[in-house]
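Structure record follows, encoded as structure tokens.
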Amino acid sequence: MRVINERLLVLVALGLLGGCKILDVASPEPAIESKVEQRLQRQEGVSLQKWAQGQSRTLEQSLAERKRKPLDLSLPPTLPSLRPDMEGDEEEIRPRKRERQGKDNRWPLTIADARAMALANNLDLKIAVLEPDIAATRVSEEEAKFDQLIFVNAKYGRKDTPLYDGDLVKFSTLDKNSPLYGAEAKLSALPQETKSYGIEAGISVPLLTGGKVTLSSPLVHKRTYKGVTSDEFRSALRFSISQPLLRGAGIANNVAGIRIAAYQKRAADVGLRLQSIRVLAAIDRAYWALYAAWGELDVRRQQYQNAADNLSMVRRRVDEGLTAAVELNRAEIGVAERMEKLVVAQTKLKLSQRKLKLLLNDRRLDLDSQQWLAPQTPPLLTGFSFDRERLARQALQGRLELLELELKLAADTSKIDYLRNQTLPLFMLDYQYGALGRDTAFGDAYGDAVSGDFQDWSIGLKFELPVSNALRESRLQRAVQQRLQRLTTKRLRELSIRREIFDALDRVDQDWQRIVVTRQNVILAGLNYQAELKQFRQGLRTMTEVLEMLTKLGEAQVREVNAIANYQVSLIDLTYATGTLLGFSKVGFSE
């Protein structure tokens with residue numbers, strides 16, 4: 001038995017010295033870890049041309065196609081079909097070139113610059129970027145359960161033995177020279193005073209299997225005064241191990257907390273990337289809203305300028321007697337109406353500016369400053385035909401929300417396995433072994449312990465079984481129900497994503513058709529306005545009719561600007577629905 005104990009002690013000591021990498025056994029499943037890593041390493045910028053079917057088409061090509069083949073709207077049978085007549089020769093009349101009023105307070109801004117500023121300054125991202133760090137501390141907390149513990153205990157004691165009446169003791173074991181040798185005396189005649197000094201140092205090591213190993217070496221110096229005096233040193237080398245055999249046994253159960261925390265850490269990484277994409281998508285939408293606000297302001301300014309030019313023309317014609325004076329009032333009404341719309345457009349621009357500045361959160365751009373952000377990135381005016389099912393599959397593979405759910409489901413699986421083990425009875429194996437030494441000198445006492453001539457060992461079992469075990473069974477059942485709930489959520493999320501993709505595709509097609517139609521409407525409205533103005537100079541039209549056509553031209557131009565901006569937003573929504581972003585430079589993610 002001595003040989004067995006010694007060999008067991010050596011093997012355990014070597015195992016402890018060799019150590020074990022906890023992360024090697026507590027890491028998430030390789031398949032899902034690889035999936036997360038590949039997704040996080042993937043570039044977010046995409047090219048729409050890769051998704052398109054066939055050749056893309058420019059706006060001019062779509063206009064030419066529109067003339068050849070009018071738009072066919074599939075309406076319900078109860079409504080008449082709408083087939084605008086697009087035949088005829090038109091001369092394209094484009095709006096005047098933008099001439100923005102502003103000097104040094106203009107701030108040229110491309111969409112790539114806006115994205116870069118948002119990644120650096122956006123407060124939502126600054127909040128979200130802390131989540132992975134917080135999750136990493138949870139992993140460290142779980143790993144710390146397996147930290148080795150070095151302990152040192154020191155103790156000083158004094159003991160005065162009380163006197164006993166009636167009990168006799170024979171001192172035959174004393175030295176022959178002692179005056180008490182061979183005599184009998186009452187214990188009351190021998191009061192004892194004992195002082196002891198003790199120290200114990202060792203190491204306690206939690207095992208991945210759920211057990212605990214302790215190695216220690218106690219040393220005690222004990223001196224007895226009065227009566228029978230003694231002065232001795234006691235030392236030992238002790239080894240003990242406690243290992244559960246049912247509940248809490250096994251590496252998988254004991255590293256479950258680390259694995260769950262690791263899944264949560266990866267989910268936090270995915271969540272940060274998702275939040276980044278959300279913020280950048282919001283930046284893109286705000287950018288194109290600002291573009292639309294600038295475009296509408298330019299149109300309203302052009303409308304006001306045209307009405308003011310008409311007022312000047314009418315005033316000259318009235319002075320010359322070529323036009324009735326009532327036309328002067330009509331022209332002034334036209335100027336006043338366009339002034340109102342110009343004021344509203346200017347306020348809309350201020351609100352759009354403030355919204356984008358808030359998202360950018362640049363200290364150089366005060367929310368109420370007169371620094372005007374001027375969009376520099378031109379809109380994408382290219383029509384696409386997409387493979388709808390391919391994009392739906394792309395979305396199911398690329399949406400970070402689904403990947404986040406998969407990580408949570410994997411964590412749920414580990415939690416269920418752990419809780420299932422916790423429902424088992426407690427069955428513990430305890431083993432202790434010690435090599436003892438005792439002598440009047442420290443070196444001799446410690447030498448006895450090292451030699452192993454004197455041993456002290458024990459082995460035992462411990463069993464516990466709750467009567468109902470309702471607490472652990474309820475915890476297990478709750479974890480199972482939560483995972484079922486999450487699985488249902490995942491299925492619902494997949495259906496919602498497919499719907500988002502198809503809705504986004506329909507809106508992209510709709511907004512492209514709106515651009516084509518509104519551009520043609522602007523051309524026709526411009527021709528009609530020029531014709532009405534020409535006939536007014538000839539005395540065949542009133543200023544009211546001229547202003548009516550000018551209003552139609554302005555509204556057509558505003559609708560065109562909004563259609564262009566909405567088309568850009570639709571493309572953003574489409575790429576966001578697939579879990580990525582439109583490809584622009586100055587965008588980078590670091591983990």
Salt bridge (Lys or Arg N to Asp or Glu O under 4.0 Å) between Glu389 and Arg498, intermediate numbers included: CA-CA 9 Å; Glu389 285 299 328; Arg498 286 180 60 85; 3.5 Å; yes
Looking at [Y] and [X], is any side-chain nitrogen of the basic one under 4.0 Å from a carboxylate oxygen of the acidic one?
X	Y	value
Lys415	Asp412	no
Glu494	Arg491	yes
Glu142	Lys265	no
Arg486	Glu406	no

Expected output: side-chain [X] to main-chain [Y] donor-acceptor under 3.5 Å:
X	Y	result
Arg399	Ala577	yes
Gln371	Trp107	no
Asn361	Asn121	yes
Asp113	Leu109	no
Asn254	Thr209	yes

Pairwise distance [atom1]([X]) to [atom2]([Y]) - rounded to 0.5 angstrom:
X	Y	atom1	atom2	answer
Leu367	Leu358	CG	CG	6.0 Å
Ser496	Leu402	OG	CG	9.5 Å
Glu232	His221	CD	NE2	8.5 Å
Leu405	Thr489	CG	OG1	7.0 Å
Asp284	Leu359	CG	CG	10.5 Å
Trp288	Thr377	CH2	OG1	6.0 Å

Does [X] reach the side chain of [Y], with side-chain heavy atoms less than 4.5 Å apart?
X	Y	result
Leu484	Thr488	no
Leu119	Arg115	no
Thr194	Lys222	yes
Tyr433	Leu237	no

Under 3.5 Å, side-chain donor or acceptor atoms of residues 416-428 against the rest of the protein: list the pairs with distances, not counting sequence neighbours.
unit_1	atom_1	unit_2	atom_2	d
Asp417	OD1	Arg420	NH1	3.3
Asn421	OD1	Gly248	N	2.7
Asn421	ND2	Leu246	O	3.2
Thr423	OG1	Arg420	O	2.5

Taking all heavy atoms of [X] and all of [Y], pick out the closest pair and write down the distance.
X	Y	answer
Ala256	Ser414	CB-O, 4.3 Å
Ala252	Arg259	O-NH1, 4.0 Å
Leu373	Lys357	CD1-CG, 3.9 Å
Lys145	Pro206	O-CG, 3.5 Å
Leu360	Ala118	CD2-N, 4.3 Å
Ala268	Ala135	CB-CB, 3.9 Å

No-hydrogen, no-angle side-chain donor-acceptor test under 3.5 Å, Arg238 and Thr214: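 There is no such pair (donor and acceptor under 3.5 Å, judged by atom type) between the side chains of Arg238 and Thr214.
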Side-chain H-bond candidate by donor/acceptor type, Gln394 with Thr578, under 3.5 Å: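 Short answer, no.
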Step-by-step side chain to side chain contact (heavy atoms under 4.5 Å, CB included) determination, Leu571 to Thr575: CA-CA 6 Å; Leu571 293 176; Thr575 53; 5.7 Å; no
Trace of the side chain to side chain contact (heavy atoms under 4.5 Å, CB included) decision for Leu429 with Ile459: CA-CA 8 Å; Leu429 171 65; Ile459 187 170; 3.9 Å; yes
Other residues, nucleotides, ligands: >12 heavy atoms within 6.0 Å of Gln485 CD: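 It does not: Gln485 CD has 12 such atoms or fewer within range.
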Residue pair Ser240, Asp430: steps toward the side chain to side chain contact (heavy atoms under 4.5 Å, CB included) verdict: CA-CA 7 Å; Ser240 65; Asp430 294 315; over 6 Å; no
Sole residue of Arg285, Gln568, Arg507 in side-chain hydrogen bond (donor to acceptor under 3.5 Å, both in side chains) with Asp573: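 Considering Arg285, Gln568, Arg507, a side-chain hydrogen bond (donor to acceptor under 3.5 Å, both in side chains) with Asp573 is found only for Arg285.
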Asp368 vs Arg354, side chain to side chain contact (heavy atoms under 4.5 Å, CB included): CA-CA, chis, key distance, verdict: CA-CA 7 Å; Asp368 200 34; Arg354 196 168 293 119; 3.6 Å; yes
